[in-house]
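Every chain is numbered from 1, with letters handed out A, B, ... down the list of sequences. Being a predicted model, the structure only gives us computed values, none of them experimental.
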Amino acid sequence: MPEKCHKDDSGGEMTGKLKSGRQVVEGSYAVAHAVAMCRPDVISAYPITPQTHIVEDLSQFVADGAIDSKYINVESEFSALSALVGASAAGARTYSATTSQGLALMHEVVFNMAGMRLPAVMTIVNRSMSAPINIWNDHQDSIAERDSGWIQLYVEDVQELVDTTVQAYLIAEDQEVSLPVMVCMDGFILSHVFEPVDLLDQKAVDEFLPPFKPVSILNPEDPKSFGMFVDPEYYMDFRYLVEQAMDQSRSKIGDAARSFESAFGRYYGDLIDTYQTDGAEIILVAMGSLVGTLRDVVDDLRSKGVPVGLLKIRAFRPFPADEIAEAIAGAKVVCVLDKNISLGTGEGAVFTEIKASLYNNGIRVPVIGFVIGLGGRDIPVGTVQQIVSNAEDVIKHGIEADSIFVDLRRH
Amino acid sequence: MESRPTAYLSTSGGTKMITESLLAPGHRGCAGCGASLAAKFILEGAGRDCIVCGPTGCLEVFTTPYPESAWRVPYIHSLFENPAAVASGIETALAAQGNTHTKVLVIAGDGSTFDIGIRSISGAFERGHNLTYVCYDNEAYMNTGIQRSASTPYDASTTTSPSGTVSYGNPFAKKDMPAILVAHGSPYVATASIAYPKDVIRKIKTATETEGPTYVQIHVSCCTGWYFDSSLGIEVVRLAVETALYPIFEFVNGELGKVHKIRQKPVEEYLRIQKRFAHLFKDESGSDEIAKIQAIADENVRKYGLVRN
């Protein structure tokens, strides 16, 4: 797994000139570059670790005239997203980035923006939630927004982050979707790592991503009211329409992935991706950069004859229930690794939702959950191998504990 | 642009008709609602080429009950505490589109302005967005049932600062919001009252034509929350001005400019006709409190030079 990099390491990077082609860049630079290629009209963000390098790079691009975007230096995350509500309603393509406490402060606006069907793309640099205060990675921040109506895409590495950012605009601005998208990347692990990345070419992105064409905008020539007061006679129907849009986004996410592949030659899966699941008795499920570690473990164990496979969730919202059910139907045990916990249930959200989605599909594969890596706790290969051993025990003896806290200091 | 139904309003003079109202009649405001009058005057001053941002509040609720809207200009409501930030985004988007003519307005109540939304107002003014923030000030959270805000005047009884056997109502002085925005370097900060419609319209026009973030705070009566006969809506707010409890002034580039001069009346004339101050007149003990309110008025006279020499 990549080492965490400190800000000083990127000192020479901040020239503001847009790089091009294949480069070794910091993950934050890579996402800033991808955003720049999408030509957002309005960027509005508030600095918070570990998101800062993204907004610093974008600010530098603006300061150097390398991009035309307007950058609003807001006084809080709450206003960062509120400003995008206004900008998006006025017809602008919009971008923000945040994490953890910043996303929590946005919470009210997060729901509001989705309910108003205003597309935006926001990078979530996943970080734990206070208390205790901690700046390192887990998925608690974005998982806590799962009911908000935002599409949530999780990425495994920096190249996927770049490519997914561009796809996210295509999905969000599709008039049959018209919902905001969170592109979730693991804090430090991806934001501060330097990797070789194919930076996108402006002309190619322009061809892939058409200009934003909203259905309605705030326009004095054709005055409309946005965000109206809706009573019980209509409210529920509006919420249903959001769900319907979320449902329509299922095919659009796959379409975006495939048309990106045609244009750029890279593909990361549809709502989910699978690896070595054919004939797998044990399937590991995860989101984000942890998937990279799991690939190594799967390769290693497969070479030793252990029938283990991997299911990567790209889209947590909309939740790919059918795709997951189909992928794991032939397995003997499924292990879900959650970098979050829904306190009071004793388990992570992905685990809970997978179990829920299988029940009425009649699939009775044993599913066990692992709460792992909270607040940046390392997830070494040995730990994952232990999880696979647990799974082998389940195949032999059945489930003893269905949700396990991994690598606790004290039990 | 399509033709629209026309509504006429008579101004304080009673003779001059103002033009077509950009706020349609038939909304759900209370009879005698001061905020709805303010909204008409504001739009009269701003004109058709504007976008209005409103927070949650009375005006939003009674003008936008889906599927009906009273707004003949584009209107957006997002949340309670963010209209200044939403307006910042709109103004920035317009700038990105090269639109330099459309005016961006916030029309917000005092709860949103003085209390919960002040962070985003401070940010928007500090950043210098080209927008006009208008507060219709009815001095409490009227939409939720007359709870105290930071704009509620001293000793007013509200549902969360009620008068009682050991209370004279709201124990705090009204927050000086205009001073806060003058301190932000706003090029134009003004107060106004719906008792003087032409002044409201002129100030909105000036504010929207001034480059940068400008602020107009309009005193609006609320018969439902102040407890007076709805036929007295204009008289009440005029008395607030004439007693110096609601000074009418403007600050241009930080300097006190034009001030509405008065022949000062005693504060009792204003307090006595509203039940929110009725507890001050129950027995003699209220006279000390009335004296304190008179002192607030006298300080306004001194501070703004309200009385004609």
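Contact tally against chain A (heavy-atom pairs below 4.5 Å) for B/Y66, B/F62, B/W71: the top residue is B/Y66. Contacts with chain B were tallied for A/E108, A/M116, A/K224; A/E108 has the most, counting heavy-atom pairs under 4.5 Å. For chain B, the option among A/I72, A/V109, A/L81 with the highest count of heavy-atom pairs below 4.5 Å is A/I72. Ranked by heavy-atom pairs under 4.5 Å with chain B, the list A/D41, A/N73, A/L118 is led by A/N73. Options B/S78, B/A124, B/C53 differ in how many heavy-atom pairs under 4.5 Å they form with chain A, and the most are formed by B/S78. Per-residue counts of heavy-atom pairs under 4.5 Å with chain A were compared for B/A87, B/S88, B/A93, B/A85; the largest is that of B/A85. Interface remark: of the candidates B/L94, B/D49, B/V61, B/V61 forms the most heavy-atom pairs closer than 4.5 Å to chain A. Contact count versus chain A (heavy atoms, under 4.5 Å) is highest, among B/G89, B/S69, B/P74, for B/P74.
Judged by distance alone, with hydrogens and angles left aside, the side-chain atoms of B/T113 form a donor-acceptor pair with the main-chain N or O of B/G109 at under 3.5 Å. At distances below 3.5 Å, not a single donor-acceptor pair connects side-chain atoms of A/E56 with backbone N or O atoms of A/P47. A donor-acceptor pair is defined here as one N or O able to donate and one able to accept, closer than 3.5 Å; no such pair exists between the side chain of A/T94 and the backbone of A/L84. Remark: the backbone N or O of B/G54 is not paired with any side-chain donor or acceptor of B/H77 at under 3.5 angstrom. Looking only at distances, no side-chain donor or acceptor of A/D141 sits under 3.5 Å from a matching main-chain atom of A/T99.
Contacts of A/D231 with chain B are absent, with no heavy-atom separation under 4.5 Å from either backbone or side chain. Contact of A/V42 with chain B is made through the side chain alone, with heavy-atom distances under 4.5 Å. There is no contact between B/A84 and chain A, counting heavy-atom distances below 4.5 Å. Contacts between B/R127 and chain A at a heavy-atom distance below 4.5 Å involve the side chain alone, from C-beta outward. For B/E81, the parts sitting under 4.5 Å from any heavy atom of chain A are the backbone and the side chain alike. Only the backbone of B/V73 comes within less than 4.5 Å of a heavy atom of chain A; no side-chain atom from C-beta onward does. With a 4.5 angstrom heavy-atom cutoff, A/S76 touches chain B only via side-chain atoms. When heavy atoms are compared at a cutoff of 4.5 Å, B/P83 does not approach chain A at all. In this structure, chain A has heavy atoms under 4.5 Å from both the backbone and the side chain of B/S120. Residue A/Y71: no heavy atom, backbone or side chain, is found under 4.5 Å from chain B.
Taken from CZ in A/F226 to CE in A/M228, the straight-line distance is 11.5 Å, to the nearest 0.5 Å. Going from atom CD1 of B/I107 over to atom OH of B/Y136 covers 9.0 Å, rounded to the nearest 0.5 Å.
Crowding of B/K205 atom NZ: a count of heavy atoms from other residues, nucleotides or ligands under 6.0 Å not exceeding 12. Dense packing is recorded around CG of A/D247, with more than 12 heavy atoms of other residues, nucleotides or ligands lying under 6.0 Å away.
Between B/H184 and B/S122, the closest side-chain pair of non-hydrogen atoms falls below 4.5 Å. Side-chain contact between B/I218 and B/F41: absent, with no pair of heavy atoms (C-beta onward) separated by less than 4.5 Å.
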